[in-house]
Amino acid sequence: MVSCSTPKPAGPPPIETKIEPPTVEGRVSPDEVSGDKDFESVDLYLSRIATNSSPETLWWANYKRAQLWEKRDPNVSCENFVDLAQQPKFPLRTLAFLHAYEVCPKDNQVLTRLGDLDPSEFQPWYKDLLVQVEIDVAKEKHNNLSLARLYLQKSRAALRRDVKVKWCNRALFAIAHAHVARAKKSAFVKKIRARIYSLSPSRNPRVDKRMFLDVANDFRFRRKFALAHRYYTAVLRGRSFDTVDKLEAYKGLRLMYKIEQNQTQALRTAKLMARYITHVYRLSKKTPDDVSLYADTMLIYARDLWTENRNADARRTLSVMARALKDKGSLVEVDWMRGRMAEEMRHFSQAIRWFNRALSEPGLSDSMKNRLLWYLAWNDRKAGLFNQAEAVFKDLATRNENTYEHGRDEFWLAKTEMKNHETDSAKSEFSDIMKNDPYGYYGLLAARELSDPLTAGPLRGPAASSSSSSEDAYFDWLVSVNETQIAGRYLDSVARDLLKSSPHSVKKWTALLQKYALSKNYLGMFDRLSDLDAFTRHQILAKNPQLAFPMPYFDTVAQSSTRYGINVELIYAIMRQESSFNPLARSQMDAFGLLQLLPQVAARTARANSIEYHGASDLYEPDTNIPIAAAYLRQLWDKFHGDPVLVIASYNARDEAIMSWLKTRYRGDTLAFIEDIPYDETRDYVKLVLRNLITYRMLNNSQDTMIFPEWALRISK
């Protein structure tokens, strides 16, 4: 679709432009064209401000009219986009060019004024839109060969795996109807099918035994559990598969049963896996690899037994492991688990002995040593040995470089100093925690300990700062006409360059992240934050905490909040932690969407609350995911009597586990109960969601300061 005889398109966007959109200069009001205003009112407003206005205001109004009329009358939209594409000084003329090709009816002769598409003329952030436009043009010309190539290219975009497969299938259909030589067609079909089978091995009709594990895992991903079970079983029974393959098959089966919420079968599979590795290990030469495979596998079984409250069986399994690994491998994990189980039974002296024994093992990594020291100090504290606990906490606070764990160590050091009547020292520690991490979990708790009000001011800082740079003017145009996806792609391109040139520049990265927030590309913002080193990221968020707490999909959240009586802050607190606002998120445990709902839970909840729901893929849609999650949160809220800690914990773990922890670990102190949650994932989850909940409450509070919300820590057992 390249033409040399027709005029060239407008070319790449003039990034050097200094022409700002009128919304920046305050000459027009975006509020007049947003929200639920009726079509006629918006069109009248845009037509009025386009009369006798500056060129920038005219461009802005015509662009918004083009967007407004796209569905009602594409010919009106077409005229506006074509006119804008022919304005040499219009900063978004290339984007207008692409939209003209996208929306113009093919019988509209005005399109001929633009010339043909030349993909080489467009900047990389237009790639996705360009491919879609090229697809439309190829359809119009009935060019099936080009369509097949474009569909295959589309399958390489950042899409869900099942959507990628759909584009590949379209490519197969297109090439089947293309008028090309048989050999060329055959080669292209082979290429497309190879792409499909790489994305989804279970779709390959000729499955080699070497592919059985990949096929099984793919069937599990596609939620075809019976077929997954067949292939996992084939691996377990096949003589040609080695030990590692068979262990992976056991693990796949175990995970599949967990996804199906069949805990009995999951534990049975773990037991079979333990028996298998025990047999293999007995016959092995006890090489380091043999020892590692045995230890890792048996620990999985021991943890599963412990999780299911079969503590006696778990202890027996650990004893068997200890004998088998004696003088052959490390017993650190074995002794750590023994200590944790002793702690759960309130045998603190015994737990301390196990942790000290683990600490005496040679070759401990820093992270493992810190982990053991924490539990040693924690059990010293529980045993009432506050002087010993204080000494270990101090050691931890000086040696632990992990920012999150350092706050925990300092907080409980201060709490222990209070027990030792060292009030001044404790207050100094609490003040340092607040200073270093004011909006972190332990920073908020430190403010509570000091009875200091929580300050919301910095959280309400501007989403983005103004700047007069030429690149800002181009970005401002994209935002002013709500081209948020293109803005996100553009910012990604800027970020890639910045990672190479200035990876540690707090000033430059702050400015860029603020642009992500301003354009509502929150997932991109979080991705870029994860690209930065921990120190740079901490410096940015310490001064700009508002970046970390956006509130997208607000209308849907607010409606769901009202309908089910769950406050907005709790919905956002969980959404932020579950998906970082990625509507296409999908976890290993098969939870979907913004609030990471399991399909089984979603189906029950939707049915009970008359919410339209047809299957797991619906959970990728925010308008479905958010209401179902809010309704489910209402169920949990009622079940746990409105105790936020228990509601949050049960959103992440099974109800049976929550009730067990209440019986064995709750002694009237909510903060200690949270630290005692045995699942690392759930423990951290509860802390971070509580942090989010309180911070969102501060954001929505009408006052600049707020006292710590004690209700957030209520457990009414």
Side-chain angles (χ1 to χ4, degrees), residues 336 339-340 342-344 346 348-349 351-356 358-360 364-452 454 534-535 538 542 645 665-678 680 683-684 686-688 690-691 694 708 710 712-713:
W336 172 82
R340 291 289 279 139
E343 175 189 347
E344 184 177 72
R346 301 182 63 77
F348 302 128
S349 297
I352 290 167
R353 286 197 298 273
W354 285 122
F355 294 132
N356 274 317
L359 280 164
S360 68
L364 290 178
S365 65
D366 286 342
S367 61
M368 176 54 77
K369 187 170 183 179
N370 291 342
R371 182 184 181 193
L372 291 167
L373 285 171
W374 160 258
Y375 283 109
L376 178 61
W378 189 240
N379 278 268
D380 281 337
R381 192 175 193 279
K382 285 185 172 184
L385 306 173
F386 296 115
N387 288 329
Q388 291 177 213
E390 182 180 336
V392 181
F393 278 133
K394 281 183 177 177
D395 183 23
L396 262 177
T398 56
R399 59 176 283 118
N400 201 339
E401 295 181 359
N402 182 297
T403 303
Y404 175 74
E405 291 180 357
H406 182 74
R408 176 201 63 187
D409 300 338
E410 283 195 320
F411 179 82
W412 287 103
L413 168 60
K415 291 279 282 183
T416 306
E417 287 175 335
M418 293 292 285
K419 288 285 188 180
N420 287 331
H421 308 292
E422 300 168 17
T423 307
D424 291 342
S425 180
K427 288 183 176 180
S428 177
E429 293 284 356
F430 287 135
S431 295
D432 285 344
I433 298 167
M434 288 176 58
K435 180 180 178 181
N436 293 331
D437 195 13
Y439 301 102
Y441 173 72
Y442 291 104
L444 295 170
L445 291 184
R448 174 179 180 260
E449 294 292 330
L450 294 174
S451 300
D452 282 2
L454 305 177
F535 181 75
H538 181 73
V645 171
R665 298 170 184 273
Y666 183 63
R667 298 291 182 271
D669 184 337
T670 300
L671 298 185
F673 172 73
I674 292 171
E675 296 291 0
D676 266 341
I677 293 175
D680 291 349
R683 181 172 61 252
D684 291 341
V686 169
K687 292 178 186 179
L688 292 170
L690 275 174
R691 182 275 312 269
I694 295 167
F708 187 95
E710 292 296 329
L713 299 179

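Only this structure's heavy atoms are used, side chains among them; waters, hydrogens and symmetry mates stay out.
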For the atom pair CD (E401) and CG (N370), what is the distance rounded to the nearest 0.5 Å?
9.0 Å

Interatomic distance, F411 atom CZ to F430 atom CZ [nearest 0.5 angstrom]
5.0 Å

Which heavy atom of A377 sits nearest a heavy atom of F393, and at what distance?
CB-CE2, 3.6 Å

Just by distance, do the side chain of T416 and the backbone of A389 share a donor-acceptor pair under 3.5 Å?
no

Enter the distance from L372:CG to W336:CH2 here, rounded to the nearest 0.5 Å.
9.0 Å

Quickly, which of E449, E429, E410 forms a side chain to side chain donor-acceptor pair (under 3.5 Å) with K415? Name it, please.
E449

When every non-hydrogen atom of L454 is compared with those of A447, the smallest separation belongs to CD2-CB, 3.5 Å

Counting only heavy atoms not in D680 (residues, nucleotides, ligands), do more than 12 fall under 6.0 Å from its CG?
yes

Do D676 and R667 touch side chain to side chain, with heavy atoms closer than 4.5 Å?
no

Please test L690 against L713 for side-chain contact (heavy atoms from CB on, under 4.5 Å), starting from the C-alpha separation and ending with a verdict.
CA-CA 9 Å; L690 275 174; L713 299 179; 4.1 Å; yes

Atom pair CG/CE of L444 and M434 - distance to nearest 0.5 Å
9.0 Å

Nearest heavy-atom contact between N402 and Y404 is OD1-N, 3.0 Å

Identified side chain to side chain donor-acceptor pair (under 3.5 Å) counterpart of Y442 within the set E405, K687, R408
K687

Smallest separation among heavy atoms of P678 and R340, with atom names
CA-NH2, 3.5 Å

Considering all heavy atoms, the nearest A397-H406 contact:
O-CE1, 2.7 Å

Is it true that atom CD of E710 has more than 12 heavy atoms of other residues, nucleotides or ligands lying nearer than 6.0 Å?
yes

So for atom NZ, which belongs to K382, do other residues, nucleotides or ligands contribute more than 12 heavy atoms lying within a distance under 6.0 Å?
yes

Is there a donor-acceptor pair under 3.5 Å between the side chain of R683 and the backbone N or O of I677?
yes

Would you kindly say whether E390 and N420 are connected by a side-chain donor-acceptor distance under 3.5 Å?
yes

Would the distance check show the side chain of N400 and the main-chain N or O of L396 forming a donor-acceptor pair, the cut-off being under 3.5 Å?
no

Rounded distance [0.5 Å steps], CZ in F708 versus CD1 in I694:
3.5 Å

W412 versus E675, side-chain donor and acceptor atoms under 3.5 Å:
yes

Smallest heavy-atom separation, A342 atom then W354 atom, equals CB-CD1, 4.5 Å

Can you tell me how far apart CZ (F355) and CZ (R371) are? Round to the nearest 0.5 Å.
9.5 Å

Does I674 reach the side chain of Y441, with side-chain heavy atoms less than 4.5 Å apart?
yes

Just by modelled atom types, is the Y375 backbone N or O under 3.5 Å from a matching donor or acceptor in the N379 side chain?
yes

